[in-house]
Undergrad: 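I'd like to ask some things about the structure below.
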Amino acid sequence: MSGMGDDEEEYRGPAVVVVGGTETEVEVHVAGHFDPLTGAYRWTGRIAADPAVSAARAAGTTAVRIRTPGGHEGEGVLGDPNLWGGHPVSGTGRPPFPVPEVDPTED
């Protein structure tokens, strides 16, 4: 992924994708950041080519859950396949990777 800045968190590695009721082990690259204008955490990335993910997307499924090691998971939207057979994915809210916790009462 290009354009990942210093203020973005990211994860690259193995994950379990739940799409169309099926769990599949895949490789992902996802990154995200807190958007101060909307007050939400936004993340985006890609899922490596996988026949089960592609079949679910071809059947019209767009809801996806990504789970990474350590129990981190996020729900997102699965996009159409790219030229290499992988799929873009994006979400708002809790990302499927660890992010630093911030206490709003601390300066």
Undergrad: Restricting to non-hydrogen atoms, name the atom on Ala31 and the atom on Glu10 that form the minimum distance, rounded to 0.1 Å.
TA: CB-CB, 3.6 Å

Undergrad: Is there a side-chain contact between Leu78 and Thr61 (heavy atoms, below 4.5 Å)?
TA: no

Undergrad: Under 3.5 Å, is there a donor-acceptor pair between the side chain of Tyr41 and the main chain of Pro95?
TA: no

Undergrad: Please tell me whether Val64 and Val16 are part of a single hydrophobic cluster in this structure, the criterion being side-chain heavy atoms less than 4.5 Å apart.
TA: no

Undergrad: Show me the pairs that pass side-chain hydrogen bond (donor to acceptor under 3.5 Å, both in side chains) and involve residues 50-60, at least two apart or across chains.
TA: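 Those involving residues 50-60 are Ser54-His87, Arg57-Asp80.
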
Undergrad: Holding to side-chain hydrogen bond (donor to acceptor under 3.5 Å, both in side chains), I want the full list of residues that pass it with Glu73, two or more places apart in sequence or in another chain.
TA: Arg65, Arg67

Undergrad: Say you draw a straight line from CZ of Arg12 to CZ of Phe97; how long is it, rounded to the nearest 0.5 Å?
TA: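 The CZ atom of Phe97 is 12.5 Å from CZ of Arg12, to the nearest 0.5 Å.
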
Undergrad: Starting at NE2 of His33, measure out to OG1 of Thr44 and round the result to the nearest 0.5 Å.
TA: 10.0 Å

Undergrad: Mind checking side-chain hydrogen bond (donor to acceptor under 3.5 Å, both in side chains) for Arg94 and listing every partner two or more places apart, or none if nothing turns up?
TA: none

Undergrad: Can you name the closest pair of heavy atoms from Ala40 and Thr92 and give their distance?
TA: CB-CG2, 3.7 Å

Undergrad: Applying side-chain hydrogen bond (donor to acceptor under 3.5 Å, both in side chains), can you list everything that pairs with Ser90, at least two apart in sequence or on another chain?
TA: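 By the side-chain hydrogen bond (donor to acceptor under 3.5 Å, both in side chains) rule, Ser90 matches no residue at all.
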
Undergrad: Would you say Ile66 and Trp43 make side-chain contact, with heavy atoms under 4.5 Å?
TA: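 Yes, at least one pair of side-chain atoms sits under 4.5 Å.
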
Undergrad: Using links of under 4.5 Å between side-chain heavy atoms of ILVMFWY residues, direct or through other members, which residues join Trp84 in one cluster?
TA: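 Besides Trp84, the cluster holds Leu83.
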
Undergrad: Mark yes or no for whether Thr62, through its side chain, and Val77, through its backbone, hold a donor-acceptor pair below 3.5 Å.
TA: no

Undergrad: What heavy-atom pair brings Val99 and Glu9 nearest, and what distance separates the two atoms?
TA: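 Minimum heavy-atom separation between Val99 and Glu9: CG1-OE1, 3.9 Å.
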
Undergrad: Would you tabulate the side-chain donor-acceptor contacts of residues 17-24 under 3.5 Å, counting partners in other chains and residues two or more places apart, or write 'none'?
TA:
none

